[in-house]
Protein chains: 2
Amino acid sequence: MFSQSEENYLKAIFHLQGETDDGVSTSSISTHLNTKAASVTEAVKRLAEKKLVDYQKYYGVQLTETGKEHALAVVRKHRLWESFLVDRLNFNWDEVHEVAEQLEHIKSIKLVEELDKFLGRPAYDPHGDPIPDAKGNMPEIPRKKLSQLQKGDRGTCKGFNDASSSFLKYLAKQQIGLGTAVEVVNIEKFDESMTVRIADEEVQLSKTATDNIYVDP
Amino acid sequence: MFSQSEENYLKAIFHLQGETDDGVSTSSISTHLNTKAASVTEAVKRLAEKKLVDYQKYYGVQLTETGKEHALAVVRKHRLWESFLVDRLNFNWDEVHEVAEQLEHIKSIKLVEELDKFLGRPAYDPHGDPIPDAKGNMPEIPRKKLSQLQKGDRGTCKGFNDASSSFLKYLAKQQIGLGTAVEVVNIEKFDESMTVRIADEEVQLSKTATDNIYVDP
DNA sequence: TTATATTTTTAGGTAAAACTAACTATTTAT
DNA sequence: ATAAATAGTTAGTTTTACCTAAAAATATAA
């Protein structure tokens with residue numbers, strides 16, 4: 001089995017890897033996990049020894065097949081627990097992250113399977129992110145960033161990219177949540193900030209914000 | 001906050017302390033936690049430094065008020081999670097322990113409170129053990145397992161833990177039901193099986209069976 | 001293309017939590 | 001009451017996972 005720390009590294013690398021095929025840098029991992037670069041180098045060496053990542057000095061890391069499977073298993077648990085907290089325990093979707101960070105490390109295959117069944121095998125978590133199935137397959141959804149919409153376009157919020165609690169609180173304050181209907185009223189040229197209409201209220205959103213909000217047309 | 005290891009020590013000391021007022025011995029803790037006595041001495045020193053136990057070299061440890069509160073909080077979480085696993089996730093009562101050992105260390109006051117509410121504020125866990133409330137109070141009359149009675153003790157059956165049909169058939173065959181009066185005639189040392197008198201008949205019950213029968217004195 | 005800046009790694013240190021082996025205190029039995 | 005047995009503690013290691021400071025490699029800019 002793997003330690004919590006190892007699982008956190010796998011997850012971080014998974015998230016940072018994204019679509020690209022190049023290695024994930026030491027510093028990006030250290031930023032993501034709030035540790036120092038030196039600690040990352042050590043951790044990554046341990047992971048490489050265990051064949052969970054491919055690591056080349058000075059050129060970053062990539063998950064191996066095994067590493068990716070494990071990362072996906074952790075992501076699956078994280079998102080299932082978030083669903084549980086919101087759907088069954090009355091948590092708000094912006095206060096589940098830290099707790100799910102702990103719960104995702106619980107080791108029990110039966111627990112995950114039964115939790116999934118109990119929740120009705122949800123495809124998306126409360127943030128709109130897809131939940132991998134037991135084999136690591138994600139449901140595929142076409143998602144657009146709010147920042148990609150044009151003036152006059154309408155959409156429905158389907159997910160949020162940045163899971164930081166400050167961002168989630170910001171969204172809550174603006175009355176934006178999953179399923180919220182938005183209409184682009186105006187886009188400022190100089191900073192790409194957006195004025196959007198939400199239930200007859202007009203709200204100003206920075207490019208940073210609209211980059212992190214996913215919408216369906 | 002306290003580490004998992006520290007919480008495990010607190011819980012072990014709590015369980016070993018029982019009713020008595022004398023200190024819990026190093027060796028009993030090491031047996032309970034499957035560690036070595038030397039490790040316990042070290043751990044206990046750390047706990048004493050944090051004012052969670054009173055420790056006198058060579059004379060064992062006792063929980064302080066704070067230590068006891070914390071131990072009870074962990075016990076509460078453990079038993080709530082066991083209830084959740086059995087009542088909602090279709091676990092059998094004999095496969096929940098290891099998972100609950102992990103879940104009991106999750107840190108979130110809201111989680112415990114909401115879980116308790118979600119489960120309908122149960123008074124007993126699936127093993128029949130009382131669940132402390134948020135303040136650390138246990139339900140008044142804790143139920144006893146038949147296996148906890150001594151030779152010569154009498155009791156009345158108040159409930160059964162294992163609801164499997166094989167167990168219920170077994171009980172029916174032995175003429176044991178709700179309200180049945182039992183008297184402990186003998187306890188075998190080597191396998192803890194019990195001879196009980198039920199309406200002038202003597203019956204042999206395994207430890208597995210007596211663990212699943214609750215009695216009032 | 002060389003100098004500077006940035007990034008990454010190495011080296012050395014710390015703390016928690018376990019271990020073994022050796023020593024010390026307490027208890028028990030003759 | 002003293003020796004033997006049992007129990008508990010100390011000392012010295014190990015592993016994991018973090019850190020800082022210094023060195024090395026890579027990237028960038030004049």
Side-chain angles (χ1 to χ4, degrees), chain A residues 1-14 16-17 20-63 67 70-71 74 98 101-102 104-107, chain B residues 1-13 16-17 20 22-63 67 70-71 74 98 101-102 104-107:
Chain A
M1 276 302 109
F2 305 104
S3 71
Q4 293 201 187
S5 164
E6 286 172 327
E7 290 189 342
N8 284 335
Y9 278 103
L10 290 176
K11 202 168 54 122
I13 297 164
F14 175 81
L16 292 166
Q17 207 165 245
T20 69
D21 267 346
D22 9 317
V24 174
S25 74
T26 302
S27 60
S28 64
I29 299 172
S30 76
T31 307
H32 196 87
L33 291 178
N34 264 299
T35 56
K36 293 296 147 86
S39 311
V40 174
T41 301
E42 282 185 297
V44 146
K45 277 191 204 162
R46 284 196 298 269
L47 293 175
E49 211 134 284
K50 297 186 179 182
K51 308 275 185 198
L52 294 166
V53 299
D54 291 322
Y55 169 54
Q56 271 183 281
K57 264 189 186 182
Y58 295 102
Y59 291 93
V61 281
Q62 275 175 275
L63 294 174
H70 259 278
V74 177
E98 291 121 69
E101 286 285 305
Q102 299 177 61
E104 74 189 5
H105 300 295
I106 303 293
K107 279 154 190 64
Chain B
M1 276 304 108
F2 305 104
S3 72
Q4 293 202 187
S5 166
E6 286 172 325
E7 289 189 344
N8 284 334
Y9 278 103
L10 290 177
K11 201 167 54 118
I13 297 163
L16 292 166
Q17 208 165 246
T20 68
D22 8 318
V24 174
S25 73
T26 301
S27 61
S28 64
I29 299 172
S30 76
T31 307
H32 196 87
L33 291 178
N34 263 298
T35 58
K36 294 297 147 86
S39 312
V40 174
T41 302
E42 285 182 298
V44 146
K45 278 191 204 162
R46 286 195 297 270
L47 293 176
E49 211 133 284
K50 298 185 179 183
K51 308 274 186 200
L52 294 167
V53 299
D54 291 322
Y55 169 53
Q56 272 181 282
K57 266 191 185 182
Y58 294 103
Y59 291 92
V61 280
Q62 275 174 275
L63 294 174
H70 262 278
V74 177
E98 290 128 65
E101 287 286 303
Q102 299 177 60
E104 74 190 5
H105 301 295
I106 302 293
K107 278 152 190 67

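All chains are named by letter (A, B, ...) in the order of the sequence lines, taking the proteins before the strands, and each is independently numbered beginning at 1. This one's a predicted model, so the numbers in the text were calculated from it and none came from an experiment.
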Which pairs, protein N/O on one side and nucleotides 22-28 of chain D N/O on the other, fall under 3.5 Å?
from   : atom 1 : to      : atom 2 : distance (Å)
D:dA25 : O4'    : A:Tyr58 : OH     : 3.3

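- Here the closest heavy-atom approach between residue B:Ser25 and residue B:Ser28 is recorded as O-OG, 2.7 Å.
- For the segment residues 45-52 of chain B, residues with any heavy atom less than 4.0 angstrom from an atom of DNA chain C are, sorted by number, B:Arg46.
- The side-chain contact (heavy atoms from CB on, under 4.5 Å) test applied to A:Thr31 returns no partner, not counting sequence neighbours.
- Read 5' to 3', the first and last nucleotides of DNA chain C with an atom closer than 4.0 Å to a heavy atom of chain A are C:dT8 to C:dT10.
- Among the protein residues, B:Thr26 comes within range of the sugar-phosphate backbone only, with heavy atoms under 4.0 Å from sugar or phosphate atoms but none that close to a base.
- Nucleic acid contact for B:Ala43: none, since no nucleic acid atom lies under 4.0 Å from a heavy atom of the residue.
- Partners of A:His70 according to the ring-ring contact (aromatic ring centres under 6.0 Å, His included) rule, which considers only residues two or more places apart in sequence or in another chain, are A:Phe2.
- For A:Glu98, the salt bridge (Lys or Arg N to Asp or Glu O under 4.0 Å) test picks out no residue, with sequence neighbours left out.
- Looking at residues two or more places apart in sequence or on another chain, you find a side chain to side chain donor-acceptor pair (under 3.5 Å) between B:His105 and B:Glu7, B:Asn8.
- Residue B:Leu63 comes nearest to B:Ala71 through the heavy atom pair CD1-CB, 4.1 Å, listed as atom of the first residue, atom of the second, then distance.
- Sorted by residue number, the list of members of residues 1-11 of chain A with any non-hydrogen atom under 4.0 Å from DNA chain C is empty.
- In this structure, B:Val61 and B:Ile29 have side chains that are in contact, with non-hydrogen atoms separated by less than 4.5 Å.
- Among residue pairs with one or both ends in residues 36-58 of chain A, those qualifying as side chain to side chain donor-acceptor pair (under 3.5 Å) are A:Glu6-A:Lys50; sequence neighbours excluded.
- Proximity of A:Val40 to A:Tyr9: side-chain heavy atoms (C-beta onward) are separated by under 4.5 Å at one or more points.
- When the side-chain nitrogen and oxygen atoms of B:Ser25 are compared with OP1 and OP2 of D:dA7, none of them lie within a distance under 4.0 Å.
- With sequence neighbours left out, A:Glu101 forms a side chain to side chain donor-acceptor pair (under 3.5 Å) with A:Lys11, A:His97.
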Give each protein N/O atom lying under 3.5 Å from an N/O atom of nucleotides 1-5 of chain D, with the pair distance.
none

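- The distance from atom CD of A:Glu42 to atom P of D:dT15 is 14 Å, rounded to the nearest whole Å.
- A:Leu52 places none of its side-chain heavy atoms less than 4.5 Å from the side chain of A:Ile13.
- The two residues B:Ala37 and B:Ser30 make their nearest non-hydrogen contact at N-CB, 3.7 Å.
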Decide side-chain contact (heavy atoms from CB on, under 4.5 Å) for A:Ile106 and B:Ile106; before the verdict, give the C-alpha distance in whole Å, the side-chain angles of both, and the deciding distance to 0.1 Å.
CA-CA 9 Å; A:Ile106 303 293; B:Ile106 302 293; 4.0 Å; yes
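- Among the atoms of the strands shown, base atoms are found under 4.0 Å from some heavy atom of B:Ser39.
- Under the side-chain contact (heavy atoms from CB on, under 4.5 Å) criterion, B:Gln62 pairs with B:Gln17, sequence neighbours left out.
- You'll find the side chain of B:Thr26 stays beyond 4.5 Å of the side chain of B:Val44, heavy atoms only.
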